[in-house]
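Structure first, commentary second.
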Amino acid sequence: MPEPTWSITVDRERCMGTGTCLTYAAGTFGLDPEGKAVVLDPVTDELDPIRTAVEACPTRALSLVEEN
């Protein structure tokens with residue numbers, strides 16, 4: 001599987017555990033035992049759903065950095 005050309009970060013201080021990210025990219029995101037978002041596998045979902053999940057996060061806890 002190719003290496004992603006982007007990285008995803010989760011600001012655990014901002015994350016409220018709404019699970020919105022799972023709605024759009026359930027293969028990429030999950031919730032840990034504390035109910036906070038975690039990145040499970042950054043290449044499971046296509047970039048568009050991941051981007052949508054990042055943009056839909058109500059607390060802006062997710063960041064997507066595209067690398068050149």
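For the numbers below, each heavy atom of this structure counts, side chains included, while hydrogens, waters and symmetry mates do not.
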When rounded to the nearest 0.5 angstrom, what is the spacing between CG in L22 and OG1 in T28?
9.5 Å
Partner residues of T23 under the side chain to side chain donor-acceptor pair (under 3.5 Å) criterion, sequence neighbours left out
none
How close do L62 and C21 get, counting heavy atoms only, and between which atoms?
CD1-CB, 3.7 Å
Taken to the nearest 0.5 Å, the spacing of W6 CH2 from L47 CG works out to 5.0 Å
To the nearest 0.5 Å, atom SG of C15 lies from atom CD of E34 at 10.0 Å
Pair R12 + D32: basic N to acidic O under 4.0 Å
yes
Between atom OG1 of T18 and atom NZ of K36, what is the distance when rounded to the nearest 0.5 Å?
11.0 Å
Could you give the distance from OG (S63) to CZ (R14), rounded to the nearest 0.5 Å?
8.0 Å
Does any part of the side chain of F29, heavy atoms only, come nearer than 4.5 Å to the side chain of V38, both counted from C-beta?
no
Side chains of Y24 and V54: closer than 4.5 Å at any heavy-atom pair?
no
Just verifying a value: how many Å separate L64 CG and T9 OG1, rounded to the nearest 0.5 Å?
8.5 Å
Step by step, would you call I8 with I50 a side-chain contact (heavy atoms from CB on, under 4.5 Å)?
CA-CA 9 Å; I8 305 164; I50 293 171; 3.8 Å; yes
With side chains defined as the heavy atoms from C-beta onward, is the minimum distance between C57 and T20 less than 4.5 Å?
no
